[in-house]
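When a ligand or atom number is given, it counts from 1 through the structure's own listing order. Quick note: numbers below take in every heavy atom, side chains included, and nothing from hydrogens, waters or symmetry partners.
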Amino acid sequence: MIVLGIETSCDETAAAVIEINENTLTVLSSLVNSQIQTHEQYGGVVPEVAAREHMHNMLPIVEMVIQHAKVTKDDIDVIAVTQGPGLATSLMVGLETAKAMAYSWNKPLLPVNHMLGHVYSWLLPKEIGIEVAYSIEYPFLALLVSGGHTELVKVKSPLEYELLGRTLDDAVGEAFDKVAKMLGLSYPGGPAVSKAALEGDDKAYDLPRPMINSGDYDFSYAGLKTAVLYQLQKISGGDRSRPVTTEVINNMAASFEKAAVDILVHKVTKAIQEFTPAMVTVAGGVSANQVLRKQMQAALADYPNVELTFPELKYTGDNAAMIALAGGFLYRGGVQMNKYQQLSVQPNLKLV
Ligand code: KG4
Ligand code: ZN
């Protein structure tokens, strides 16, 4: 089965063509047009600007993936598109494009929850055009960590999930982005904070780990972010115009990163003890973080029966191959969408 995937939930215009069979998977083509350079100057994503860029890039990128995949529209069995969650005006561009294509090409259209794409991103092979075997053992746990979400999910089948916990305020990626801003680092903040942290001492500042021992699987990152702000105010003696030194920036970045990661690792370890899953996957933009990967690997060394997976680095951030894959699984699971003409975006779509 050949699936065309489309993703425009935030500031990446993405399209992909993948082939999914019973036990094998091939990414035939996957392209992501990032708008980071456009939004960098504003220090964050400006929704209307993002939508305009999506409109500009959408059809050329679809045309290009079909060409790169060496397929024609007749080869495509299903079109999968992100319906939500995300920015309404960004989502609209992808969804309306997909609806128009499905309508004129007479193909089934599968609306996909963006987070479900992240859940399956660990299956995507690094190489384009190479067929790989895959198998999935259910149930597995998925820790989804991105700019908008921090969720721990038990995946029982492609159609069945249980939300174990989520953030009650900021997402972990959002905390990285906000702390980066406080430290005068570039946008997006995650990579900038982790780069600075490489040079810093993660024990330099004593930062809280909110809700680490709350006994449930919920998260909270607002308090940690505020604690960084207070520490920085203390260091500058309340004078915000006084620049902090590189040493302070690096040490604060390292201390923050360690605190943020400690919470994630602790909650996942607790969930492993309770649910004994065969596999844990960590996905979403923040799963590119190397401290998170290393600490998670170290913690899971105590559980040799639990496999730990991460997506390839190119699939940690938003992409359309993961949307095509999740859409393909839904389609195979019997999900049909016949009246898609009425379909609209769902900016607050929940996974469960
Ligand atoms: O999944 P994603 O690309 O988009 C959303 O769906 O939100 O995630 C983006 C988030 C941003 O907050 C970004 O700062 C964070 O992922 N991020 C990182 C790293 N790379 C990206 N956070 C920590 N360390 C990284 N290396
Ligand atoms: Zn995402």
Side-chain angles (χ1 to χ4, degrees), residues 5-14 16 30 32-36 39-40 43-45 47 50 82-87 90-91 94 112-122 124 142-151 153 166-167 170-183 185-198 200 202 219 221 224-225 253-254 256-265 281-296 310-323 325-326 347-349 351:
I6 291 179
E7 150 68 36
T8 60
S9 66
C10 189
D11 61 342
E12 262 102 22
T13 319
S30 173
V32 179
N33 189 302
S34 170
Q35 303 174 7
I36 283 181
H39 299 288
E40 205 172 19
V45 179
T82 305
Q83 184 184 23
L87 297 170
S90 286
L91 290 163
V112 175
N113 184 313
H114 177 85
M115 301 315 289
L116 191 60
H118 282 302
V119 163
Y120 288 108
S121 57
W122 60 281
L124 294 165
L143 175 69
L144 306 175
V145 279
S146 70
H149 293 83
T150 305
E151 288 171 354
V153 182
R166 66 187 158 82
T167 182
D170 291 357
V172 60
E174 190 180 353
F176 268 92
D177 294 337
K178 287 178 177 165
V179 165
K181 241 184 199 175
M182 291 175 206
L183 296 174
L185 301 172
S186 61
Y187 167 87
V193 168
S194 43
K195 188 164 170 238
L198 284 176
D202 64 14
F219 303 86
Y221 278 96
L224 173 57
K225 170 195 72 185
F256 161 78
E257 182 176 52
K258 179 80 170 70
V261 166
D262 277 352
I263 302 166
L264 297 173
V265 172
T281 188
V282 184
V286 182
S287 73
N289 187 283
Q290 293 303 319
V291 172
L292 172 60
R293 288 187 176 217
K294 283 201 191 103
Q295 231 178 282
M296 204 62 90
F310 298 95
E312 293 291 339
L313 284 179
K314 68 174 174 179
Y315 294 123
T316 54
D318 293 344
N319 65 86
M322 68 181 194
I323 301 301
L325 184 58
N348 298 314
L349 187 62
L351 195 54

* Asked: Do ligand 1 and Gly173 have nitrogen or oxygen atoms that lie under 3.5 Å from each other?
  -> yes
* To do: Return the orientation label for the Phe219 and Tyr221 ring planes: parallel under 30°, perpendicular over 60°, tilted otherwise.
  => parallel
* **Residue pair Ser194 / Asn289: nearest heavy atoms and the distance that separates them** => CB-ND2, 3.7 Å
* Asked: Relative to the heavy atoms of Gly148, which atoms of ligand 1 are at a distance of less than 4.0 Å?
  -> 7 (O)
* Structure fact -> One finds that the ligand 1 atoms under 4.0 Å from a non-hydrogen atom of His114 are 6 (O)
* To do: Among all protein heavy atoms, pick out the one at the shortest distance from atom 21 (C) of ligand 1; state its residue, atom name and that distance to 0.1 Å.
  => Gly285 O, 3.4 Å
* Should you measure from each heavy atom of Gly317, which atoms of ligand 1 turn up under 4.0 Å away? -> 3 (O)
* Per atom 5 (C) of ligand 1, closest listed option by heavy atom (Ser146, Ser9, Ser287, Ser194) -> Ser146
* Structure fact -> With sequence neighbours left out, the residues meeting ring pair (Phe, Tyr, Trp, His ring centres under 6.0 Å) with Phe256 are Phe176
* Asked: Which of the atoms in ligand 1, numbered in the order shown and given with their element, are less than 4.0 Å from a heavy-atom of His118?
  -> 1 (O)
* Neighbour count above 12 (heavy atom, 6.0 Å) for Lys195 NZ -> no
* Would you tell me which option among Ala197, Gly147, Ser34 has the nearest heavy-atom contact to atom 10 (C) of ligand 1? => Gly147
* Please report the shortest heavy-atom distance between Thr82 and His114, naming the atom on each side. => CG2-CB, 3.6 Å
* To do: Please answer whether the main-chain N or O of Val172 pairs with a side-chain N or O of Thr150 as donor and acceptor at a distance below 3.5 Å.
  => yes
* Please check if the side chain of Thr8 supplies one atom and the backbone of Ser90 the other of a donor-acceptor pair under 3.5 Å. => yes
* Euclidean distance, Asp202 CG relative to Asp262 CG, rounded to 0.5 Å -> 8.5 Å
* What's within reach of the Zn ion (ligand 2), meaning protein N/O/S atoms under 2.8 Å? -> His114 NE2, His118 NE2, Asp318 OD1
* How far is atom 4 (O) of ligand 1 from its nearest protein heavy atom, and which residue and atom is that? -> Asp318 OD2, 3.3 Å
* Asked: So which bit of Asp177 gets within less than 4.0 Å of ligand 1, heavy atoms only: side chain, backbone, both or neither?
  -> side chain
* Would you please name every residue forming a ring pair (Phe, Tyr, Trp, His ring centres under 6.0 Å) with Tyr315, sequence neighbours left out? => none
* **Heavy-atom pair of closest approach, residues Ile6 and Ile323** => O-CG2, 3.8 Å
* **Which residue and heavy atom of the protein sit nearest atom 25 (C) of ligand 1, plus the separation** => Gly190 C, 3.7 Å
* Asked: At what distance is the nearest protein heavy atom to atom 15 (C) of ligand 1, and which residue and atom is it?
  -> Val286 CG2, 3.9 Å
* Asked: Taking only residues two or more places apart in sequence or in another chain, which ones pass salt bridge (charged side-chain N to carboxylate O under 4.0 Å, His left out) with Asp170?
  -> Lys178, Lys225
* Structure fact -> If you compare Val45, Val261, Asn289 by their heavy atoms, the one closest to atom 23 (C) of ligand 1 turns out to be Asn289
* Asked: Considering all heavy atoms of both residues, which atom of Val291 and which atom of Glu257 are nearest to each other, and what is their separation?
  -> CG2-OE1, 3.3 Å
